[in-house]
Structure formats: structure tokens, C-alpha cells
Amino acid sequence: MMDDKVTQQHWLKALAAFELSQEELAEFEQQLSALSAQHLQAELRPGLSNNSKVEQYFYSSDLPEQAKSFNQYSALLQPSVLGSVNTTRPDFVGHMTSALPSFMPLMQKLMAALNQNNVKLETSGYFTDLERQVLAILHRTFYGSEYGEQAESFYQKTMHQPKQALGVFCSGGTLANIMALWVARNRLLSAYGVAEKGLMAALMSLGEEGYQGLAVLVSERGHYSLSKAADVLGIGRDNLVAVAVDDQHCIDLKDLETKLATLKAKRIKVMAIVGVAGATETGSIDDLKALADFAQGIDCHFHVDGAWGGAAIFSQRHRHKLKGIERADSITLDAHKQLYVPMGAGMVLFKDPERVNAIKHHASYIIRSDSKDLGAYTLEGSRPAVSLLLHAGLHLIGREGYGALIDHSVHLAQEFARIIRSSRDFELILEPRLNILSYRYCPEPYRSELNKALAAGDAESVVSINRLLSEKTIAIQVAQAAAQKGFVSRTQLHLPHYGDAPIHVFRVVLANPYTQVCHLQQILEEQRLIARAL
Ligand SMILES: *Cc1c(COP(=O)(O)O)cnc(C)c1O
């Protein structure tokens, strides 16, 4: 039995964590900043692979019984902070995570200090309206042209309307894709009461009309989150139909037509067509206008996954590449990618602000039916006010700034492509449509042998040379990452002219504003040195 005195001591200690003195706070803050500064300056970038040396720090599964001091805790945290990946490095160009504007950590601190919960007005106050405003700004950026001179009055009327939402915030592109397809599914099956009676009952009713099932179509380059969505929503991963791509890795419209005809013949109802605007692996952008026509033709939901490439809308030079996106019923965007917001911010916009009612939920103690609580339309419940971070970005960087960031990284990708094309030991695999590009190691004499085999139609030799080049490309990527030098990622791609076997390529994502041509040249130089030693 704990006596009252001990309980009282524990209570006072717990309370102390809520009431730190200015000095204690300043000291802890200083320790954390020092750690983070040390990490950012570190040349090393350990921990990129599974590593038992790293695991040793994390073997204890004991629940800490007593509170540690801040000094003890900083010491405990040190290896993790120093061992974290420096995503701000200019030669870290393998993933979609990069440096942040310097003001973002401050905004995140404010967000934590205010600790708003945007699920409902009662816990978010002005931030519900701020979030609705941010959604309206983005909605207008993509769809505003559709309303012409009526735009101002359309947004005035809808943005704060309780029974409407121009979009919803969530933790990332995956959730956004799930929500977009959730809306598509519930709207399609609303007459059968899918939300109330369940998918089984809805599909049985659909079956009585002669349909055998549901399908969603996306190109082979579709992000794997769509397959999660198909699973979660009960559509089934196998019913996410992968449409072939052309040599630019954009959806092949002929194959789409064929697949649609097959589904029709099998009496399978198409729930949605998904266009990719900036494929994760290749950066390619589908012909969104053509996809909008297809979706219109069969009266199905048209979703655009713009988690990566959607931000190109801010660039006057490149926004034309998204033509047709204004006809999408929904658009996924990731603020934590090219809008440079810290991790945990995605959203889906809905062209028709009434569409979200397909997934509307109420609870009597919160989210009352006449309120403008955002929680009525989100998959998540309690949710941070990440819209504040994007609000800050939109105001402190602006359309011009975001446009310039896109222009810069696309230009850099084009420069890098030019360098690779003129090099004798690397092969450019795909011209960058935006700022993602792929290439591989392909020196002489492999290159001439490959060309000879291709010219002679010798498929077997093509495959075996490509296999060797893939092995080398993989070995170089692994060695470069292990050497903690420049970092590019790698992926596998099917290239029609190389036959059925996929080839392994380096993948470069250029979005870090610190990255310059010299860093990219350095990466190639490192790869050449590694290749020589293979
Ligand atoms: C990153 C990405 C996603 C998934 O977004 P998360 O924020 O990682 O959940 C979906 N689609 C595309 C095209 C992406 O690039």
C-alpha cells in the first residue's frame, strides 16, 4: 500500500512537469538545440540500414518507473538525434523528404503550445475557420478557373458553410487517397445504404442489378496507398486494376480503354479512375484531360493523386503539365512534400463541396449536425491543427515563392538529365517531367554490346546485359549509402524496349533548395569511384 505521503510526492513531481521554471525550460531548450545543431552539422549519416549497433540503444522494454532529469534524458536521446538521417543535406536526393523553411519548427512549437484539436469548434476556435480558409485557398488554386467571375462569390458562400467542405486535412497522402475513395464508394453505393448496412448488403443489391463487383483503375505507377485504400474499403486489392504505362510511364490510354471494356463485359462497376500527377517513382504525370473524359464517359469518380506533383500548380512555368486536374472530383495533396511543411500534413480537395456528405458522421456530444465542425468529414478524430503550418507557408513563402521552388528543382532535374546524357558511363532512363529522374550505371563496353543486341533483336542478350547492369547499379547504390556520402534511392522499372524483365535504376528526387548542380556532379563522381572498385 502506498501511503498518502508518497502519493503526494508523486503528484507534486508529475505536476512539476507542467510547471517548469523559465530557467529549467531554457536549459532544456538549449540542450535540445545543441543536439539538433550537432546533428545538422554532422558529416556522417548513420543508421541507413538495419544495424545491430543501432539496436543496442533500444533493447530495454522496461517502463521508466521514475521521472528522469532533463540532463539524463538529453543524454539518453543523444544517439537517436545524432543518428537520425540528415534530410536537409544537399546531396540527400533519394527521397521526398528534405529541408524545411527555418520558420517551420517555430510554427510547430506554436501549434504544440496552443494544442488545438481541429475535430470540433469547441477545441479549436478560430482554427476551424483558418483550416476552412486554407482549404478554400487551395481549392481556388486548382478549381477557381472553373467558376470564372463567380469564383469570389462561390468561395464566400461555401468555405464556411456547415454542410459543406472544400476538402479535408489529414496526416498524409495515404489517408487522403483513402478518404477520396471512401467518398467515391459511399456516393456510388449510397442508394444501397453502404454506410449503414455495410458493403456486403450494398454489393448484394448491386448484384441484383447484374453487377459482379467493383473496380478502381490506376496506372502501374499508382502509389501503393491506393492498394491499401482498396483493401480498407472492401474493394479488394485485386480489384485495383493496374493499367499499363507508355514509354514516359504515363497511363496508356489504349490499355485503359481495353481494361474498361473487359470490366464492362464482366459486369464489374468502375468506382473510380485515378490519375497520377507526379508518380512517386518516375515523376510522370498522366494525361489528366483524357482521364477526365473517360471518367465522364462512364460516369465514375475521377480522382487525381497529386501528393507529389500537385504543388506544380504554383509554378506559372509548369502548371500547364497538370491540365485537366480542374476536372477531378477529388485531388490528393501532400503538404509535407513540396509545400515544405513538417511531416504529418496531407489533404484531399473535393471539387463539389457537397460530396463529403457521403462520409458525414455525427455524434451528439460533439460534431452536432448543424455545426461546422470539421470532424464530421474526417477519417481521423482528434487531429492537430496542421493547417496552421500550411497557412504559414502560404503567407510567408507565397505563390511566387512556391512557384520559384518548383521552377528551381525542375530546372535542376533538367540540368542533371543533361549531365547524365552527355556522360559515358551513365544512362538516363527517363527524361524528368518535373523533378524526379532515373538513371543507371551503363559504361562501355556494356553500352555498345547492349546497342548491338538491341539492333540484332537478340532479346536474350539484352536481358543478360541488363541483368549485369542492374547488379552493378544496385551494388553502387548500396555502397554509396553505406559510405554515408551522397544518397540516391533505387527502384525497378519496366522499359518496353528492354523487354519484359525490369531493370534497376537510381532514383533522384530534387526538391531540396540547398541542392545545386555541383552536388549532383559529386554524386556521379562518387558513383564512378565505387564502380571502379567493384
Ligand atoms: C507520397 C505519396 C503518397 C503517400 O503519401 P504519404 O504522405 O506518404 O502517406 C501517395 N501518392 C503519391 C503519388 C505520393 O508521392
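Please read these numbers as outputs of a predicted model, since none were measured by experiment. For ligands, and for the atoms within them, numbers begin at 1 and follow the listed sequence.
- Proximity to D334 (heavy-atom distance under 4.0 Å) selects the following atoms of ligand 1: 1 (C), 5 (O), 6 (P), 7 (O).
- Counting the atoms of ligand 1 from 1 in the order shown, those under 4.0 Å from a heavy atom of G173 are 4 (C), 5 (O), 6 (P), 7 (O), 9 (O).
- In terms of protein heavy-atom proximity, atom 11 (N) of ligand 1 is closest to D305 OD2, 2.6 Å.
- Of all atoms in ligand 1, listed by their number and element, those nearer than 4.0 Å to a heavy atom of G278 are 13 (C).
- Side-chain atoms of H504 and R490 form no donor-acceptor pair, as typed in the model, at a separation below 3.5 Å.
- H95 and F487 have their aromatic ring centers within a separation under 6.0 angstrom.
- Looking at atom 9 (O) of ligand 1, its nearest protein heavy atom turns out to be T174 OG1, 2.6 Å.
- Interface atoms of ligand 1 facing A307, defined by a heavy-atom separation under 4.0 Å, are 2 (C), 3 (C), 10 (C), 11 (N), 12 (C), 14 (C).
- A donor-acceptor contact closer than 3.5 angstrom is absent between the side chains of S98 and N512.
- For Y441 and F506, the ring centers are positioned 6.0 Å apart or more.
- Between Y377 and Q164, the side chains place no donor N or O within less than 3.5 Å of an acceptor N or O (distance only, hydrogens not considered).
- K323 and H320 form no side-chain donor-acceptor contact under 3.5 Å, judged by distance and modelled atom types alone.
- Considering both main-chain and side-chain atoms, T280 comes within under 3.5 Å of ligand 1 through a nitrogen or oxygen pair.
- Remark: ligand 1 atoms within the under-4.0 Å shell around heavy atoms of W308 are 15 (O).
- Annotation for ligand 1: atoms under 4.0 Å from non-hydrogen atoms of S225 are 10 (C).
- Only the side chain of N177 comes within 4.0 Å of ligand 1, counting heavy atoms alone; its backbone N, CA, C and O stay farther away.
- Considering only non-hydrogen atoms, atom 2 (C) of ligand 1 lies nearest to K337 out of M96, K337, H223.
- No side-chain donor from either of N177 and W182 sits under 3.5 Å from a side-chain acceptor of the other.
- Remark: ligand 1 atoms within the under-4.0 Å shell around heavy atoms of G172 are 7 (O), 9 (O).
- With hydrogens and angles left out, the side-chain atoms of R507 and S489 include a donor and acceptor closer than 3.5 Å.
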